[in-house]
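Atoms within a ligand are numbered from 1 in the order they appear, just like the ligands themselves. In what follows, residues are counted from 1 in the order of the sequence shown.
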Amino acid sequence: MTTHLTQTKPPVLSVVLPVFSVVLPVFNERESLAELHRRLSSVMIALAEPYEIIYVDDGSRDGSGDLLAAIQQNDAQVRVLHLSRNFGHQAAISAGLDHASGDAVIVLDADLQDPPEVLPALLAQWRLGFDVVYAVRRERKENLFKRSAYDIFYRLLRQVANVEIPLDAGDFCVLDRRVADVLRKMPERNRFMRGIRSWIGFRQIGVPYNRAARFAGQPKYSLLKLLRLAFDGFFSFSYLPLRLASLFGLLVSFLGFLLSVWTVYKRFTLPEFPSGFATIVVGVMFLGGIQLIALGVIGEYVGRIFDEVKQRPLYIIGERRGFDDERQAPDA
Ligand code: UDP
Ligand code: MG
């Protein structure tokens, strides 16, 4: 009976599904890639489990794409997604998540600011049963302006966000399969990954690490892109800006009401009522300013609603390398 059972078992699958998938968004990181791949591979090999490394070439224009293709040629664990243009860091991460098949998905930057050597410590927490293990920066090697900007941003976001977003946690993290699946199904376009990651819940833990300096080159986040990301964080996770607009409106209307009562009273009690030109100008300017700010705030939300309604894909893949078709995840 037993022998019969063993004989009818389906043949063992020839492909070994990876336990770990590492997702790296790459935008013009030519100088770092060789060193990155060397360090990351040696960490992954030491873990002694099947793994895959997914480089997402986010429309690089410095030859990073060709370099990644060459790395993929020489390493069977490597897969490369070439996006059709630069879609941005958060979209590149989404592309990687959609194509990762590991039990744990690791997201890390390609500029070696997130040292691959920290991974075993993160994975140890995942093995203990945590679904999301995010790395928390103990220190940053960046200039004072950027450091203070980040400081203010994270602390402000924590005050206004309607989810608890941990301080100083970036995109560097380990996600359990089920979390990766949940994240993939989240339909929103304006992705502030660390916000969504906190929003979904599950068992989460932070592991402190020292954020290194960039291995080479300039940051690929321009000030404008950073500002956009910060805005996504605020407007996607908080209604406070809208409420502030209403609160301000209420306050100003109340003051306006008091002023009207006073004006009418003076109109009838003073024999020569002064023509308050300055008052009118100040009033108009002040109210105009507040109205424009409120409109801008509403615009931020309307723009985001428009993005969602259009339902455009988050990214478009130009080419992929190293994926077997059977295991290929569908495009998002
Ligand atoms: N990146 C990307 N697309 C972009 C900008 C950045 O894929 O449009 C990648 C970049 O190659 C790096 C990571 O995102 O691997 C983080 O970017 P960066 O180092 O510029 O950000 P910072 O560390 O300054 O926050
Ligand atoms: Mg960086």
Kindly check if the number of other-residue, nucleotide or ligand heavy atoms within 6.0 Å of CZ (Phe248) is above 12? no
Any atoms of ligand 1 less than 4.0 Å from a non-hydrogen atom of Glu29? List them with their elements. 10 (C), 11 (O), 12 (C), 15 (O)
Enter the distance from Leu24:CG to Asp57:CG here, rounded to the nearest 0.5 Å. 12.0 Å
Relative to ligand 1, is His89 under 4.0 angstrom through side chain, backbone, both or neither, heavy atoms considered? both
With a cut-off of 4.0 Å, which atoms of ligand 1 are near a heavy atom of Asp109? 13 (C), 15 (O), 16 (C), 23 (O)
Scan for ring pair (Phe, Tyr, Trp, His ring centres under 6.0 Å) pairs involving residues 22-72, sequence neighbours excluded, and state none if there are none. His37-Tyr55
Asp66 meets the side-chain hydrogen bond (donor to acceptor under 3.5 Å, both in side chains) criterion, sequence neighbours left out, with none
Charged N-O contact under 4.0 Å between Asp181 and Arg177: yes
May I ask you to check if ligand 1 and Pro25 share an N or O to N or O distance below 3.5 Å? yes
Which atom, among the N/O/S set of Asp111, is closest to the Mg ion (ligand 2)? OD2
Please state which part of Gln90 comes within less than 4.0 Å of ligand 1, counting heavy atoms only: side chain, backbone, both or neither. neither
Test the Arg85-Phe87 pair against the cation-pi criterion, namely NZ or CZ under 6.0 angstrom from the six-membered ring centroid and within 45° of the ring axis. yes
Numbering the atoms of ligand 1 from 1, which are under 4.0 Å from a heavy atom of Gln113? 19 (O), 22 (P), 23 (O)
I need the atoms of ligand 1 closer than 4.0 Å to a non-hydrogen atom of Asn86, numbered in the order shown. 3 (N), 4 (C), 8 (O)
